[in-house]
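As the structure is a prediction and not an experimental result, all values here were calculated from the model. The analysis underlying the following values was restricted to heavy atoms, covering all of them including side chains, and did not include hydrogens, waters or symmetry mates. Residue numbering restarts at 1 for every chain, and letters A, B, ... go by the order of the sequence lines.
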There are 2 protein chains.
Amino acid sequence: MGKQKRKWTNNEVEALHAGVKKHGAGKWTLILSDSQFASSFDNRSNVDLKDKWRNLTRRAIWEQSSNREKVTNPRLEVTANP
Amino acid sequence: MGKQKRKWTNNEVEALHAGVKKHGAGKWTLILSDSQFASSFDNRSNVDLKDKWRNLTRRAIWEQSSNREKVTNPRLEVTANP
DNA sequence: CGATAGGGATAGGGTTGA
DNA sequence: TTCAACCCTATCCCTATC
């Protein structure tokens, strides 16, 4: 079974944010090959960076739309505020 | 409220085993769409197949263990219950 | 062929309910 | 309580398109 999930470390996420700030979202291969960030990523591909950024973006959008920054269990938070 | 829980039938479990033997563990959607097995599954999703296989595997590992106390958590004995 | 976007599938942690 | 069944979703894969 060669397919195990490897969670992103805080260090990798920080490098991704910095890379996007420098080069722009979508420039995954450029970020990955930038010597300023390359060593921070632990065997990630350009597609991995894209997927992680999408995940971070989706989460940020969701948290904003529900006016919550920290949610422990989204399933319990379906009701609207009065 | 989630779905009502439906126990897996022997027929479904046998189909799952055969599917894994043919396509490999992890190929859940492929197994599910294989006409050789599809009719054996009663409205199961690829995730259902994955979860069932995990349960079967965990159970097999547990049965293989010679010392069940290593599997459960011995610290639970310390719990005080007034 | 290399890269990105987006849909889809899987892995593993978490939750539920009998 | 336990654990099979089911949920959540980050991670990873497939492929159309450029």
Side-chain angles (χ1 to χ4, degrees), chain A residues 1-17 19-20 23-34 38 41-63 65-66 68 70-78, chain B residues 1-17 19-20 23-34 37-38 41-65 68-82:
Chain A
M1 338 270 244
K3 192 170 118 170
Q4 290 194 356
K5 283 205 300 196
R6 287 187 306 116
K7 294 220 65 175
W8 278 64
T9 64
N10 290 336
N11 190 45
E12 288 179 304
V13 172
E14 287 169 13
L16 178 56
H17 270 103
V20 166
H23 297 293
K27 303 298 185 182
W28 312 120
T29 299
L30 182 56
I31 294 170
L32 204 52
S33 61
D34 186 330
F41 296 114
D42 180 16
N43 260 39
R44 305 296 182 177
S45 70
N46 56 334
V47 177
D48 291 333
L49 267 58
K50 178 266 297 178
D51 284 330
K52 182 58 178 177
W53 187 252
R54 173 173 57 173
N55 173 25
L56 292 169
T57 301
R58 283 176 171 174
R59 173 157 290 278
I61 289 172
W62 184 88
E63 287 173 348
S65 66
S66 55
R68 295 171 194 281
K70 298 172 85 174
V71 172
T72 53
N73 190 345
R75 293 170 64 205
L76 300 178
E77 304 291 345
V78 179
Chain B
M1 319 283 248
K3 290 166 52 180
Q4 188 183 53
K5 294 190 176 183
R6 290 183 302 113
K7 295 281 293 182
W8 277 63
T9 65
N10 289 336
N11 190 45
E12 287 179 302
V13 173
E14 286 170 12
L16 179 55
H17 271 103
V20 166
H23 297 295
K27 302 296 186 180
W28 313 119
T29 298
L30 183 56
I31 293 170
L32 204 53
S33 62
D34 186 330
F37 310 114
F41 296 115
D42 180 17
N43 266 52
R44 305 296 183 177
S45 70
N46 55 336
V47 177
D48 291 333
L49 267 58
K50 178 266 298 180
D51 284 330
K52 182 57 180 177
W53 187 252
R54 175 171 55 173
N55 280 339
L56 291 170
T57 301
R58 283 176 171 174
R59 188 181 187 197
I61 291 172
W62 173 80
E63 287 173 348
Q64 194 176 18
S65 172
R68 293 178 183 178
E69 289 173 347
K70 288 181 179 177
V71 178
T72 55
N73 189 346
R75 291 191 174 191
L76 293 176
E77 295 171 6
V78 184
T79 302
N81 191 7

Sugar-phosphate only, base, or nothing, as touched by B/Arg6 at under 4.0 Å among non-hydrogen atoms: sugar-phosphate

Donor-acceptor pair present, B/Asn55 side chain and D/dA5 base, under 3.5 Å: yes

Euclidean distance, atom CG of residue B/Asp51 to atom P of C/dT16 [Å, nearest integer]: 15 Å

Distance in angstrom units between A/Lys52 NZ and C/dG6 P, rounded: 19 Å

Most 5' of A/Trp8 and B/Trp8 on DNA chain D, judged by nearest nucleotide: B/Trp8

First of A/Trp28 and B/Lys50 reached from the 5' end of DNA chain C, by closest nucleotide: A/Trp28

Short side-chain N/O contact from B/Thr29 to OP1 or OP2 of C/dG8, under 4.0 Å: no

Distance in angstrom units between A/Leu16 CG and D/dA10 P, rounded: 14 Å

Sugar-phosphate, base or nothing in reach of A/Arg58, heavy atoms under 4.0 Å: nothing

Rounded distance [0.5 Å steps], CG in B/Asp48 versus CG in B/Asn46: 8.0 Å

Rounded distance (Å) that lies between atom C1' of C/dA3 and atom CG of A/Leu49: 13 Å

Point-to-point distance, once rounded to the nearest 0.5 Å, from NZ of A/Lys27 to CG of A/Leu32: 14.5 Å

Between C1' of C/dA3 and NE2 of A/His23, the distance in whole Å: 16 Å

Separation between CZ of A/Arg44 and CD1 of A/Ile31, rounded to the nearest 0.5 Å: 14.5 Å

Phosphate contact (C/dT10 OP1 or OP2) by B/Arg54 side-chain N/O below 4.0 Å: no

Separation of atom NZ in A/Lys7 from atom P in C/dG13, rounded to whole Å: 10 Å

Between C1' of D/dC13 and NZ of A/Lys5, the distance in whole Å: 14 Å

Residue matched to C/dG6 through Watson-Crick or wobble contacts both under 3.5 angstrom: D/dC14

Whole-Å distance separating the CG atom of B/Asn43 from the C1' atom of D/dC6: 15 Å

